[in-house]
Amino acid sequence: DLTSPTLSKVGGTISANAQFAPNGSNTADVFLETAPSNEHFVDFNYTTPTPSSGYIFSAWVKPINHVNRQFVLRGVFVNGMHSAFVTMDLNTGSIISNNGGLWSNVTVTPAANGFFLVRGTYTTPASIPPLNDLIFRLQHFEANPQANIYAGNTTIGTAIWGCQLQPGPNALGYTPT
């Protein structure tokens, strides 16, 4: 449930159970941009990362009116260190770029009801900042000109369902929570 107060949301609002999910249930949440100039994202914190470890993040995502938008899956520590991100076009289901060298095995797979399963492994470096949460971020970028801070459009969003974070080298599949 992306409406949880434990998740950080910047530059957008969340509507719970606003779209039909890949499994046919009306349980996908929708993140819609807000109009002010800002970043536009949802953060998921992982509080006990270990050095040189893989963390598999996956989510089903569906573009809603993605005009001039790219979608970013980012891993970064709270202090801003070790930022790495994968940029995607959810209109085509394609990966545009992989920056920072910490993401591997990233896939964008078509799913039911117009969704894509986005999955990738973020591997922490051998030396990680002490007492820092690792953040996994789902973020909108403006495509042209490319920018992470821009005036939002309240008709643009992303339906999000089934977010999972699994430590280890192998994805275990979706586990309802």
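In this text the structure is predicted, and so the values were computed from the model without any measurement. Position 1 is the first residue of the sequence, and the numbers go up from there.
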Roughly how far apart are [X] [atom1] and [Y] [atom2], rounded to 0.5 Å?
{"X": "N65", "Y": "I156", "atom1": "CG", "atom2": "CD1", "answer": "5.5 Å"}
{"X": "S8", "Y": "R137", "atom1": "OG", "atom2": "CZ", "answer": "8.0 Å"}
{"X": "Q166", "Y": "T121", "atom1": "CD", "atom2": "OG1", "answer": "9.5 Å"}
{"X": "E142", "Y": "N148", "atom1": "CD", "atom2": "CG", "answer": "10.0 Å"}
{"X": "Q164", "Y": "I56", "atom1": "CD", "atom2": "CD1", "answer": "11.0 Å"}

Any heavy-atom pair between the side chains of [Y] and [X] that's under 4.5 Å?
{"X": "T158", "Y": "I64", "value": "no"}
{"X": "F44", "Y": "L138", "value": "yes"}
{"X": "I160", "Y": "L2", "value": "yes"}
{"X": "T123", "Y": "W103", "value": "no"}
{"X": "V72", "Y": "M88", "value": "no"}
{"X": "I95", "Y": "V108", "value": "yes"}
{"X": "T109", "Y": "F116", "value": "no"}
{"X": "F31", "Y": "S15", "value": "no"}

Do Y55 and V86 belong to the same hydrophobic cluster, where Ile, Leu, Val, Met, Phe, Trp and Tyr are linked whenever their side-chain heavy atoms lie under 4.5 Å apart, directly or via other members?
yes
Is L165 reachable from V61 through a run of hydrophobic residues whose side-chain heavy atoms are each under 4.5 Å from the next?
yes
[X] side-chain N/O to [Y] backbone N/O, donor-acceptor pair under 3.5 Å:
{"X": "S25", "Y": "N23", "result": "no"}
{"X": "T3", "Y": "A16", "result": "no"}
{"X": "D133", "Y": "V78", "result": "no"}
{"X": "H66", "Y": "L90", "result": "no"}
{"X": "N68", "Y": "N144", "result": "yes"}

Could you pull out the closest heavy-atom pair between [X] and [Y], with the gap in Å?
{"X": "S37", "Y": "I149", "result": "OG-CG2, 3.9 Å"}
{"X": "R69", "Y": "A143", "result": "N-CB, 4.0 Å"}
{"X": "P167", "Y": "Y46", "result": "CG-OH, 3.9 Å"}
{"X": "A126", "Y": "S52", "result": "CA-OG, 3.3 Å"}
{"X": "P22", "Y": "W60", "result": "CG-CD1, 3.4 Å"}
{"X": "A28", "Y": "F115", "result": "CB-CZ, 3.8 Å"}

So that I know where these two stand, are H40 and Y150 an aromatic pair - ring centroids less than 6.0 Å apart?
yes
Give a yes or no on whether the ring-centroid distance for F136 and F57 is below 6.0 angstrom.
yes
Output, in order, the C-alpha distance, side-chain angles, deciding distance and verdict of side chain to side chain contact (heavy atoms under 4.5 Å, CB included) for L134 and T124.
CA-CA 9 Å; L134 178 59; T124 55; 4.0 Å; yes
Strictly by modelled atom types, are N17 and T27 linked by a side-chain donor-acceptor pair under 3.5 Å?
no
Run the side chain to side chain contact (heavy atoms under 4.5 Å, CB included) check on I14 and V42 step by step: do they pass?
CA-CA 9 Å; I14 297 288; V42 178; 4.0 Å; yes
Before giving the answer on side chain to side chain contact (heavy atoms under 4.5 Å, CB included), spell out for T107 and L117 the whole-Å C-alpha distance, their side-chain angles and the decisive distance to 0.1 Å.
CA-CA 8 Å; T107 58; L117 173 58; 5.9 Å; no
Let me know which of Q70, E39, E33 forms a side-chain hydrogen bond (donor to acceptor under 3.5 Å, both in side chains) with H140.
E33
Start with the C-alpha distance between N38 and V10, add both sets of side-chain angles, then the distance that settles side chain to side chain contact (heavy atoms under 4.5 Å, CB included), and finish with yes or no.
CA-CA 8 Å; N38 204 338; V10 171; 3.7 Å; yes
